[in-house]
Asker: 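I'd like to ask some things about the structure below.
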Amino acid sequence: MSVVESLQKSAINSLTALFGQAFTEKDFQVNQTKPEFEGDYTIVLFSLVKSLKLSPDAIGTQLGDHLIANNPALFTKYNIIKGFLNLSIADAYWMEVLGKNYNDICFGKHAMNGKKVMVEYSSPNTNKPLHLGHLRNNFLGWSVAEIFKASGYEVIKSCIVNDRGIHICKSMIAWQLFANGATPQSTNTKGDHFVGDYYVKFNDEYKKQVEELIASGKTKDEAEKEAPIMKATQQMLLDWEAGKPDVMELWATMNSWVYAGFDTTYKTIGSDFDTTYYESNTYLLGKKIVAEGLQKHVFNQEEDNSVWIDLTADGLDKKIVQRKDGTSVYITQDIGLAQQKYEEYNIDRSIYVIGDEQNYHMKVLKLIAEKLQLPNAENIYHLSYGMVELPTGKMKSREGTVVDADDIVEEMEKVAQEKTEELGKVKDFTAEELTTLYHTIGLGALKFFLLRVDPKKKMIFNPEESIDFHGFTGPFIQFNHARIKSILRKEPVIGNLDLGIVFLPLEKELIVALEQYPNVVKQACDEMNPSAIAIYVYNIAKTFSSFYTEHSIANAETDNKKQLRLQLASMTANVIKSGMSLLGVAVPERM
RNA sequence: GGUCCGGUAGCUCAGCUGGAUAGAGCAUCAGCCUUCUAAGCUGAGGGUCAUUGGUUCGAAUCCAAUCCGGAUCACCA
């Protein structure tokens, strides 16, 4: 049980004993005491004033006295200032927390709860490489999945690959026209970049053809429709749907190039999936759903055979779910896949990590799933995240302002190398160890940068200023971990402590913060918000850094103090490592 | 136009289930390495929490309106 829970329980008991009525933890608020006041945790008394018809001071005095008399192991003293009951927790209690957990690398993880959750993330298109926006998606999805695991869920990470459609045909057409049989191997190019280059070539050629047509007297609309390369692409899409062998073969080949490239990137950034769905397999799933939905009168059919759902009663619009030619639209395959996920894995919750541009779409999807009475439809959740933008605005592939995922990772590793060499602290590292270190620091900086802000909010990335390695960053936290490990290599933690130790303010601040870790994990899970972990771990590292500067661990005043600080350091390192691992960020032993 | 999201220090962001004098980092300025890793520490300056009204003992936080910015509202995905 956490300190706060113990405190709440004690307070409820005391209040009931004192005033003869029932209370719950919702009747009063418990905060951490502000540093300028004496105490560790504070009960805000105002909310009790009305029901008890007593002044805050009167309630506080009675409650404070009763709490101390009945829980001597927990509370030592109290003070009341302007309606706030500030309680001091016994040092012996903190010693116990420390002694029990300092060496427990599982501290903060919760017991299995028997629930199963699927987290779908990444969802790449197979016509171009991953960019910075995908990185936010990947880091978020992966981290949320880990946070669910740490909170006791069984987790299935899934990925839906958008491997068919007009966008892939564009790359395919351009390859046919311009490649002369070139392959990633023949050009020594990473497969996803190779295919992406032809996507760019398509757009260049398309633009050229449109301009020529306009010059020859066509309107812009006509030109855009009649450009030969576009017509060829549309024909190719039809051929694909018809299963024309040479088109299918080219499609399979080019996708395999892209997958090879993606695999490399995923491996580099640490993304992995338990299952992968391909749109080319799921896009027909809609048919059955539509038929069933018609039978349940969830959908209705127009005279032209198109099928619709009317969501005006839910404040949305009418939405088409099947075209008049009988083909399924985007939303239909999503419904099909949603059902398939439940059938395959019997999941309790289904999380979709998708950008906020699709808020409306996901709202519709969930509504339809509910109306179709899909199992656990109410537990479909769109984890919506904001776009990553540049100082100049959105990233635009046509203007070449897209920050490529592979490039930015490489750039970060390069910066990590430069900074490390400047500092010259790891001169005895082997070349292999150095490569690993640069990767750990560079990727860590990037992940932390993208995860430390609230997923819901859009964020600005400034490539000019790049990412700092000082302050509220991954490397700062990694650095503090390395510092602790450096001490622990020289000074073993024994563990047994004299119970008479009194905590100094910074020691107290550390243990109080460390004790909160399990609750932070739970909160991050409830909110599906990795930034809660990032902020917390940073604060731990920051507090430790002050403590480290202020007090010597190896040369502490007494042996007991030394052991206490070694335990604190050990627990800090464990919590940092554990918290960072939930973000997908490794922490080095030395840096 | 409808719906949804956002607006907090020069910049990037916390704080938003209402609580004490609104916090970090960067940037600026001033100090600190013969002592466990200075990717560090300490301090200073910097705020009309978009605006107005309301609810409350108490509002950055809740409600309403307004202003500004963004997303979305395809037989595209």
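Note: hydrogens, waters and symmetry copies are ignored here, and every other heavy atom, side chains too, is used. These numbers were taken from a predicted model, which means no experiment stands behind them. Chain letters run A, B, ... following the sequence lines, proteins first and then strands; every chain starts at 1.
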Asker: Please confirm whether any donor atom in the side chain of A:Asn127 sits under 3.5 Å from an acceptor in the base of B:A77, or the reverse.
Answerer: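 Check fails, no donor-acceptor contact within cut-off.
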Asker: Give none if B:C13 has no partner; otherwise give the nucleotide forming a Watson-Crick or G-U wobble pair with it, both distances under 3.5 Å.
Answerer: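 Pairing partner, where one exists within any strand: B:G23.
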Asker: Under 4.0 Å between a side-chain N/O of A:Lys427 and OP1 or OP2 of B:U37, yes or no?
Answerer: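 No, no such contact exists.
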Asker: For A:Lys542, report the nucleic acid contact type (base, sugar-phosphate, nothing); a contact means any heavy atom under 4.0 Å.
Answerer: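 Sugar-phosphate, no base atom in range.
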Asker: Among B:A20, B:U37, B:C13, which nucleotide sits nearest the side chain of A:Ser486?
Answerer: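 The answer is B:U37, which lies nearest to the side chain.
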Asker: Looking at B:C4, B:C75, B:A39, which one has an atom nearest to any side-chain atom of A:Lys324?
Answerer: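 Closest nucleotide among those given: B:C75.
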Asker: Watson-Crick or G-U wobble partner for B:A50, using a 3.5 Å limit on both distances?
Answerer: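 Answer to the pairing question: B:U66, which forms a Watson-Crick or G-U pair with B:A50.
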Asker: Which nucleotide, B:G25, B:A71, B:C41, lies nearest any side-chain atom of A:Glu357?
Answerer: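 In terms of side-chain proximity for A:Glu357, the closest of B:G25, B:A71, B:C41 is B:A71.
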Asker: Please report the distance separating the P of B:U42 from the corresponding atom of B:G25, rounded so that it comes out in whole Å.
Answerer: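 Result for the P pair: 9 Å, nearest Å.
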Asker: Answer yes or no on whether A:Lys341 is positioned over the face of A:Tyr352, meaning its NZ or CZ is under 6.0 Å from the six-membered ring centre and within 45° of the axis.
Answerer: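 Yes, cation above the ring, under 6.0 Å and within 45°.
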Asker: Taking atom P in both B:U61 and B:G6, what distance in whole Å separates the two?
Answerer: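 Taking atom P in both B:U61 and B:G6, they lie 13 Å apart.
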Asker: It should be established whether A:Arg452 places a side-chain nitrogen or oxygen under 4.0 Å from OP1 or OP2 of nucleotide B:G25.
Answerer: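 So the side chain of A:Arg452 is outside the cut-off, no N or O lying under 4.0 Å from OP1 or OP2 of B:G25.
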Asker: May I ask you to evaluate whether A:Arg323 reaches the phosphate of B:A77, defined as a side-chain N or O under 4.0 Å from OP1 or OP2?
Answerer: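 For B:A77, OP1 or OP2 has a side-chain N or O of A:Arg323 closer than 4.0 Å.
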Asker: What integer number of Å spans the P atoms of B:G43 and B:G7?
Answerer: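 B:G43 and B:G7 have their P atoms separated by 30 Å.
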Asker: To the side chain of A:Tyr360, which of B:U72, B:A77, B:C41 is closest?
Answerer: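 Shortest atom-to-atom distance from the side chain points to B:U72.
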Asker: Quick one: is the NZ or CZ of A:Arg136 closer than 6.0 Å to the six-membered ring centre of A:Tyr385, and within 45° of its axis?
Answerer: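 Verdict for A:Tyr385: no cation-pi partner in A:Arg136.
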Asker: Given A:Gln358 and A:Tyr330, is the side-chain hydrogen bond (donor to acceptor under 3.5 Å, both in side chains) satisfied, shown in steps?
Answerer: CA-CA 12 Å; A:Gln358 298 206 40; A:Tyr330 181 47; 3.0 Å; yes
Asker: Centroid separation under 6.0 Å, is that true for the rings of A:Phe448 and A:Tyr538?
Answerer: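 No: the rings miss the under 6.0 Å criterion.
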Asker: Closest to the A:Thr549 side chain: B:C16, B:C36, B:C41?
Answerer: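 Nearest listed nucleotide: B:C41.
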Asker: A cation-pi test, strictly: NZ or CZ of A:Arg452 under 6.0 Å from the centre of the six-membered ring of A:Phe472 and no more than 45 degrees from its axis. Yes or no?
Answerer: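 The answer is yes; both the distance and angle limits are met.
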Asker: Does NZ or CZ of A:Arg483 come closer than 6.0 Å to the centre of the six-membered ring of A:Tyr548, within 45° of the ring's axis?
Answerer: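 Positive - A:Arg483 is close enough to the ring of A:Tyr548 and near enough to its axis.
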Asker: Does B:C4 count as syn, meaning its glycosidic angle lies within 90° of 0, or as anti?
Answerer: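 It is anti.
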Asker: How is A:Lys26 classified with respect to the nucleic acid when contacts are heavy atoms under 4.0 Å: base, sugar-phosphate, or nothing?
Answerer: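 No contact.
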Asker: Mind checking A:Ser552 for me? I need base, sugar-phosphate or nothing, with any heavy atom below 4.0 Å counting as a touch.
Answerer: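 The residue A:Ser552 makes base contact.
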Asker: Counting only side-chain heavy atoms from C-beta out, which of B:A14, B:G19, B:A39 sits nearest to A:Ile535?
Answerer: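 Closest nucleotide among those given: B:A14.
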Asker: Let's see if you can work this out: which of B:G25, B:C73, B:G40 has an atom nearest to the side-chain heavy atoms of A:Asp317?
Answerer: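 Shortest atom-to-atom distance from the side chain points to B:C73.
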Asker: What nucleic acid atoms does A:Ile166 come within less than 4.0 Å of, heavy atoms only: base, sugar-phosphate, or nothing?
Answerer: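 A:Ile166: no heavy atom of the nucleic acid under 4.0 Å.
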Asker: In whole angstrom, what separates A:Lys561's NZ from B:C36's P?
Answerer: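 About 21 Å, once rounded to whole Å.
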Asker: Does a side-chain N or O from A:Lys82 land closer than 4.0 Å to OP1 or OP2 of B:G58, or not?
Answerer: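 A:Lys82 to B:G58 OP1/OP2: no side-chain N or O under 4.0 Å.
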Asker: NA contact type, A:Ser545, heavy-atom cut-off 4.0 Å: base, sugar-phosphate, or nothing?
Answerer: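 Sugar-phosphate, no base atom in range.
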Asker: Check the side chains of A:Asp304 and A:Ser306 for a donor-acceptor pair under 3.5 angstrom, ignoring hydrogens and angles.
Answerer: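 Distance-only check passes for A:Ser306 and A:Asp304.
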Asker: May I ask you to evaluate whether A:Lys425 reaches the phosphate of B:A39, defined as a side-chain N or O under 4.0 Å from OP1 or OP2?
Answerer: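 Yes, such a contact exists.
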Asker: Nearest to the side chain of A:His470, which nucleotide is it out of B:A77, B:A20, B:A39?
Answerer: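 Within the option list, the nearest is B:A39.
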Asker: Could you measure between the two P atoms, the one in B:U35 and the one in B:A27, and give it in whole Å?
Answerer: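 My reading of the P atoms in B:U35 and B:A27 gives 26 Å.
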Asker: Ignoring the backbone of A:Met459, work out which of B:A77, B:C13, B:G70 is nearest its side chain.
Answerer: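 Per side-chain heavy atoms of A:Met459, the pick is B:C13.
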Asker: A:Phe461 vs A:Phe449 aromatic rings, parallel, tilted or perpendicular, using cut-offs 30° and 60°?
Answerer: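 Answer is perpendicular, since the angle exceeds 60°.
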Asker: Confirm from the modelled atom types if A:Ser531 and B:A14 form a donor-acceptor pair under 3.5 Å, side chain to base only.
Answerer: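 Counting by modelled atom types and ignoring angles, no donor-acceptor contact under 3.5 Å is found here.
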Asker: So, A:His361 versus A:Asp334: side-chain donor-acceptor pair below 3.5 Å or not?
Answerer: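 Yes, because at least one side-chain N or O of A:His361 sits under 3.5 Å from a partner of the opposite role on A:Asp334.
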Asker: Could you tell me the separation between the CG atom of A:Leu316 and the C1' atom of B:G1, rounded to a whole number of Å?
Answerer: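 That distance rounds to 17 Å.
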Asker: State the pairing partner of B:A74; accept Watson-Crick or G-U wobble contacts with both distances under 3.5 Å, and report none otherwise.
Answerer: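 B:A74 is unpaired by these criteria.
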Asker: If we take the C1' atom in both B:U21 and B:G58, what is their distance in whole Å?
Answerer: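 Straight-line distance between the two C1' atoms is 15 Å.
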Asker: Classify A:Asp163 by what it touches in the nucleic acid, base, sugar-phosphate, or nothing, heavy-atom distance under 4.0 Å.
Answerer: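 Nothing, no nucleic acid heavy atom in range.
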Asker: Among residues 29-43 of chain A, which residues get a heavy atom nearer than 4.0 Å to RNA chain B?
Answerer: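 A:Gln29, A:Lys34, A:Phe37, A:Thr42 - these, ordered by number, are the residues of the stretch whose heavy atoms sit under 4.0 Å from the strand.
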Asker: Tell me: CG of A:Leu45 to P of B:G19, nearest whole Å?
Answerer: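 Roughly 15 Å, once rounded to whole Å.
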Asker: Tell me what A:Thr420 touches on the nucleic acid: a base, only sugar-phosphate, or nothing, going by heavy atoms under 4.0 Å.
Answerer: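 Base contact.
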Asker: Between the base of B:C75 and the side chain of A:Asp304, is there any donor-acceptor pair under 3.5 Å?
Answerer: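 For A:Asp304, whose side chain was compared with the base of B:C75, there is a donor-acceptor pair (under 3.5 Å).
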Asker: With sugar-phosphate meaning primed atoms plus P, OP1 and OP2, does A:His551 contact a base, only sugar-phosphate, or nothing at under 4.0 Å between heavy atoms?
Answerer: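 Answer is base: heavy atoms of A:His551 come under 4.0 Å of a base.
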Asker: Got a sec, which residues hit side-chain contact (heavy atoms from CB on, under 4.5 Å) with A:Asp163, two or more places apart in sequence or on another chain?
Answerer: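 A:Asp163: side-chain contact (heavy atoms from CB on, under 4.5 Å) contacts with A:Thr126, A:Val161, A:Trp251, A:Asn255, A:Tyr259, A:Tyr278, A:Glu279, A:Ser280.
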Asker: Given B:C73, is OP1 or OP2 found less than 4.0 Å from the side-chain N or O atoms of A:Lys319?
Answerer: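 For A:Lys319, the contact criterion (side-chain N or O under 4.0 Å from OP1 or OP2 of B:C73) is not met.
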Asker: Looking only at side-chain atoms of A:Ile460, point me to the closest of B:G70, B:U12, B:A39.
Answerer: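 From the listed options, B:U12 comes nearest.
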Asker: Which residue in the set A:Lys508, A:Lys34, A:Lys77 passes salt bridge (Lys or Arg N to Asp or Glu O under 4.0 Å) when paired with A:Asp40?
Answerer: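 Looking at A:Lys508, A:Lys34, A:Lys77, the match for A:Asp40 under the salt bridge (Lys or Arg N to Asp or Glu O under 4.0 Å) is A:Lys508.
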Asker: Could you please name the partner base of B:U55, counting Watson-Crick and G-U wobble pairs only when both distances are under 3.5 Å?
Answerer: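 Across all strands, not a single nucleotide pairs with B:U55.
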Asker: Calculate the interatomic distance between A:Ile484 atom CD1 and B:G40 atom P; express it in whole Å.
Answerer: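 So the two atoms are 15 Å apart, to the nearest Å.
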Asker: Do any side-chain nitrogens or oxygens of A:Ser546 fall under 4.0 Å of OP1 or OP2 in B:U42?
Answerer: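 A:Ser546 to B:U42 OP1/OP2: side-chain N or O found under 4.0 Å.
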Asker: Less than 3.5 Å apart, any donor N or O on the side chain of A:Ser55 or A:Asp57 sitting next to an acceptor on the other?
Answerer: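 There is no such pair (donor and acceptor under 3.5 Å, judged by atom type) between the side chains of A:Ser55 and A:Asp57.
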Asker: Taking the nucleotide of RNA chain B with the nearest heavy atom to each, does A:Phe476 or A:Asn555 sit closer to the 5' end?
Answerer: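 The residue whose closest nucleotide sits nearer the 5' end is A:Asn555.
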Asker: Would you indicate what A:Val44 reaches in the nucleic acid, counting non-hydrogen atoms under 4.0 angstrom: base, sugar-phosphate, or nothing?
Answerer: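 Base contact - A:Val44 has a heavy atom under 4.0 Å of at least one base atom.
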Asker: Quick test of the criterion, 5.5 Å between centres and less than 30° between planes. Is A:Phe479 stacked on B:G40 or not?
Answerer: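 So A:Phe479 does not count as stacking on the base.
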Asker: Answer yes or no: does a side-chain N or O of A:Lys457 lie under 4.0 Å from OP1 or OP2 of B:A14?
Answerer: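 Answer is yes, contact under 4.0 Å.
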Asker: Considering only atom P, compute the distance from B:G23 to B:C16 and round it to an integer number of Å.
Answerer: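 My reading of the P atoms in B:G23 and B:C16 gives 14 Å.
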Asker: Could you check A:Asn529 against A:Ser306 and say which one's nearest nucleotide on RNA chain B is further toward the 5' end?
Answerer: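 Here A:Asn529 is the residue nearer the 5' end.
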